[in-house]
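Just so you know, residue 1 is the first one in the sequence shown, and it goes up from there.
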Amino acid sequence: MKVTKWQSVICFVDIKKSSFFDINQLIIYKMTLSEIQSKINSAKALDFGTIFNQSIELFKKSWLQGFLMQLFVIIIMLPIILVMYVPFIMMIISQSESGQVDPDAFSSFLAGFSVVYLIGFFIAIILLSSVSVALQAGLFRILRELDAKREVKTADLFYFFKGKYFGKMILLMLVSTLIAIPAALLCYIPLIYAIVPLSFFTIFFAFNPDLSIGDIVSASFKLGTKKWLLSFGLLFVSGLLAYIIGLLMCGIGTLITMPFIYHPLYFIYKEVIGFDDADEINEIGATN
């Protein structure tokens, strides 16, 4: 017999009143791909202005966590930037000091990189990018907590820095790369479409980490296709607004404003998919 959503809530309230059970030992209900697809198929129309305004209100509470996430990403990416660009900059400085510009210097510089080095460099990019995405997934969970008016900690950004999650993050990053590169090579037109579903990869992982990579990709493309125009419009407007305001704040302000682009994605996910029974259970439990 299938237990309905509200039966689950009623059972929880009864259990919570008993001293023989620990709330932390309860099994959290997890959505399956078929349930997610059903929610997407029956999704109601969403209003651009409502989601945008909700995003602004939530950003007022989450800007600090978004700023810290950006700082951590820069710190993580700094080693690969140094490895790639410092030798190139040193070559330019050397030529400037000599007063002569060798047109073949750049070609010789690239030829000096061995195949093993380039492969290692690619692997490093994937690993560091996976760390960046793991931080973004942690930020989505923080947005959920702040939206529910619960307390958060900076350590929540590192929620997915665990072995059982990080391996999946690497695979998800590889899949994203394998989708984005061919899409970009096809005159960028497919990439304009794919950028919306790709944007949902991280949030689906953040709230459904036990789904397989294939299920995350499938759900992301289904939601991205269903709400493509709304999602693309919100991403474009929020990204442009965050960039302009960041520049007005002497450029460094983009570290604060750019995380705003994640907020519309969060509210689209919330309105279409929603969260598992644990959220509603916690809210009911808090009132008892």
Checklist entry - For Phe232, which residues count as a ring-ring contact (aromatic ring centres under 6.0 Å, His included) partner, sequence neighbours excluded? => result Trp228
Checklist entry - Near Ile252 CD1, under 6.0 Å, is it more than 12 heavy atoms from other residues, nucleotides or ligands? => result no
Checklist entry - Is a side-chain donor-acceptor pair under 3.5 Å present for Lys222 with Asn41? => result yes
Checklist entry - Same hydrophobic cluster for Leu146 and Met258, using side-chain heavy-atom links shorter than 4.5 Å among ILVMFWY? => result no
Next on the checklist: Main chain of Ala242, side chain of Thr257: is a donor-acceptor contact present, judged purely on distance under 3.5 Å?
Outcome noted: yes
Checklist entry - What pair of heavy atoms forms the shortest contact from Ala183 to Pro190, and how long is it? => result O-CD, 3.7 Å
Checklist entry - Between CG of Leu230 and CD1 of Ile268, what distance do you get to the nearest 0.5 Å? => result 4.5 Å
Item to check | Hphob cluster co-occupancy, Ile74 + Tyr243, side-chain heavy atoms under 4.5 angstrom | outcome: no
Item to check | Side-chain donor-acceptor contact under 3.5 Å, Gln37 with Ser34 | outcome: no
Checklist entry - Under 6.0 Å between ring centres, would you say that holds for Phe52 and Phe260? => result yes
Next on the checklist: If hydrophobic clusters are built from ILVMFWY residues whose side chains come within less than 4.5 Å, do Leu71 and Ile76 share one?
Outcome noted: yes
Checklist entry - Which is it for Phe160 and Arg141 under the side-chain contact (heavy atoms from CB on, under 4.5 Å) test, yes or no, and what are the steps along the way? => result CA-CA 10 Å; Phe160 292 103; Arg141 292 184 66 90; 3.4 Å; yes
Checklist outcome for this item: Value for CE (Met169) from CD1 (Ile126), rounded to nearest 0.5 Å, stands at 11.5 Å
Checklist entry - Is the centre of the Phe200 ring less than 6.0 Å from the centre of the Tyr269 ring? => result no
Next on the checklist: Within the 4.5 Å heavy-atom criterion, are Met31 and Lys39 side-chain neighbours or not?
Outcome noted: yes
Checklist entry - How long is the gap from CD1 on Ile56 to CD1 on Ile51, to the nearest 0.5 Å? => result 12.5 Å
Item to check | Test log, rule side-chain contact (heavy atoms from CB on, under 4.5 Å), inputs Leu127 and Ile123 | outcome: CA-CA 6 Å; Leu127 289 175; Ile123 293 174; 4.0 Å; yes
Next on the checklist: Quick check: do Phe72 and Val131 have side-chain heavy atoms less than 4.5 Å from each other?
Outcome noted: no
Next on the checklist: So Ile36 and Ile40, do their side chains get closer than 4.5 Å, heavy atoms only?
Outcome noted: yes
Checklist entry - If you take all heavy atoms of Lys227 and Ala45, which pair is closest and at what distance? => result NZ-CA, 3.8 Å
Checklist entry - Roughly how far, to the nearest 0.5 Å, is CG of Leu265 from OG of Ser199? => result 5.5 Å
Checklist entry - Under 3.5 Å, is there a donor-acceptor pair linking the side chains of Asp215 and Ser212? => result yes
Next on the checklist: For the CD1 atom of Ile179 and the CG atom of Leu174, what is their distance to the nearest 0.5 Å?
Outcome noted: 11.0 Å
Next on the checklist: Would you say that Ile216 contacts Ser220 through its side chain, given a criterion of any heavy-atom pair below 4.5 Å between the two side chains?
Outcome noted: yes
Checklist entry - Honestly, is Lys162 close enough over Tyr159, meaning NZ or CZ under 6.0 Å from the six-membered ring centre and within 45° of the axis? => result yes
Checklist entry - If you take all heavy atoms of Val196 and Ser231, which pair is closest and at what distance? => result CG1-CB, 3.5 Å
Checklist outcome for this item: Rounded to the nearest 0.5 angstrom, the CZ-CD1 distance for Arg144 and Ile142 is 12.5 Å
Item to check | Validation row, ring centre Phe275 to ring centre Phe207 under 6.0 Å | outcome: yes
Checklist entry - Given the rule that I, L, V, M, F, W and Y join up when any side-chain heavy atoms are under 4.5 Å apart, are Val272 and Leu33 in one cluster? => result no
Next on the checklist: Quick one, Leu46 and Thr50 - any side-chain contact, counting heavy atoms below 4.5 Å?
Outcome noted: no
Checklist entry - With no hydrogens and no angle check, is any side-chain donor or acceptor of Asp156 less than 3.5 Å from a backbone partner on Val152? => result no
Next on the checklist: With a 6.0 Å cut-off (strictly less than), is the heavy-atom count around CD1 of Ile189, excluding the residue itself, greater than 12?
Outcome noted: no
Checklist entry - For Tyr165, does the OH atom sit with more than 12 other heavy atoms under 6.0 Å from it, leaving out its own atoms? => result yes
Checklist entry - Do other residues, nucleotides or ligands put more than 12 heavy atoms under 6.0 Å from Leu229 CG? => result no
Item to check | Single-linkage hydrophobic cluster Leu186~Leu198, side-chain heavy atoms < 4.5 angstrom | outcome: no
Checklist outcome for this item: Heavy-atom closest pair (Ala134 atom, Phe161 atom, distance to 0.1 Å) is CB-CE1, 3.8 Å
Next on the checklist: Using a 6.0 Å cut-off, check whether atom CZ of Phe236 has over 12 heavy atoms from anything other than its own residue.
Outcome noted: no
Next on the checklist: Between the side chains of Asp147 and Lys270, is the shortest nitrogen-to-carboxylate-oxygen separation below 4.0 Å, so that they form an ion pair?
Outcome noted: yes
Checklist entry - Going by heavy atoms in the side chains, are Ile203 and Tyr262 under 4.5 Å from each other? => result no
Item to check | Donor-acceptor contact present, side-chain Asn208 to main-chain Leu211, <3.5 Å | outcome: no
Checklist entry - Which of these passes side-chain contact (heavy atoms from CB on, under 4.5 Å) with Leu68: Val73, Leu135, Leu139, Leu157? => result Leu157
Checklist entry - Backbone N or O of Leu58 within a donor-acceptor pair of the Ser62 side chain at under 3.5 Å? => result yes
Next on the checklist: Walk me through whether Thr225 and Tyr193 qualify under side chain to side chain donor-acceptor pair (under 3.5 Å).
Outcome noted: CA-CA 8 Å; Thr225 302; Tyr193 159 74; 2.8 Å; yes
Checklist entry - Are more than 12 heavy atoms from other residues, nucleotides or ligands located less than 6.0 Å from atom CD1 of Ile195? => result no
Next on the checklist: Under 6.0 Å between ring centres: does that hold for Phe205 and Phe140?
Outcome noted: no
Checklist entry - Are the side chain of Gln70 and the backbone of Phe67 linked by a donor-acceptor contact shorter than 3.5 Å? => result no
Next on the checklist: Please find the pair of heavy atoms, one from Thr202 and one from Ala137, that lie closest to each other, and give the distance.
Outcome noted: CG2-N, 3.6 Å
Checklist entry - Side chains of Glu151 and Glu145: does their closest heavy-atom pair fall under 4.5 Å? => result no
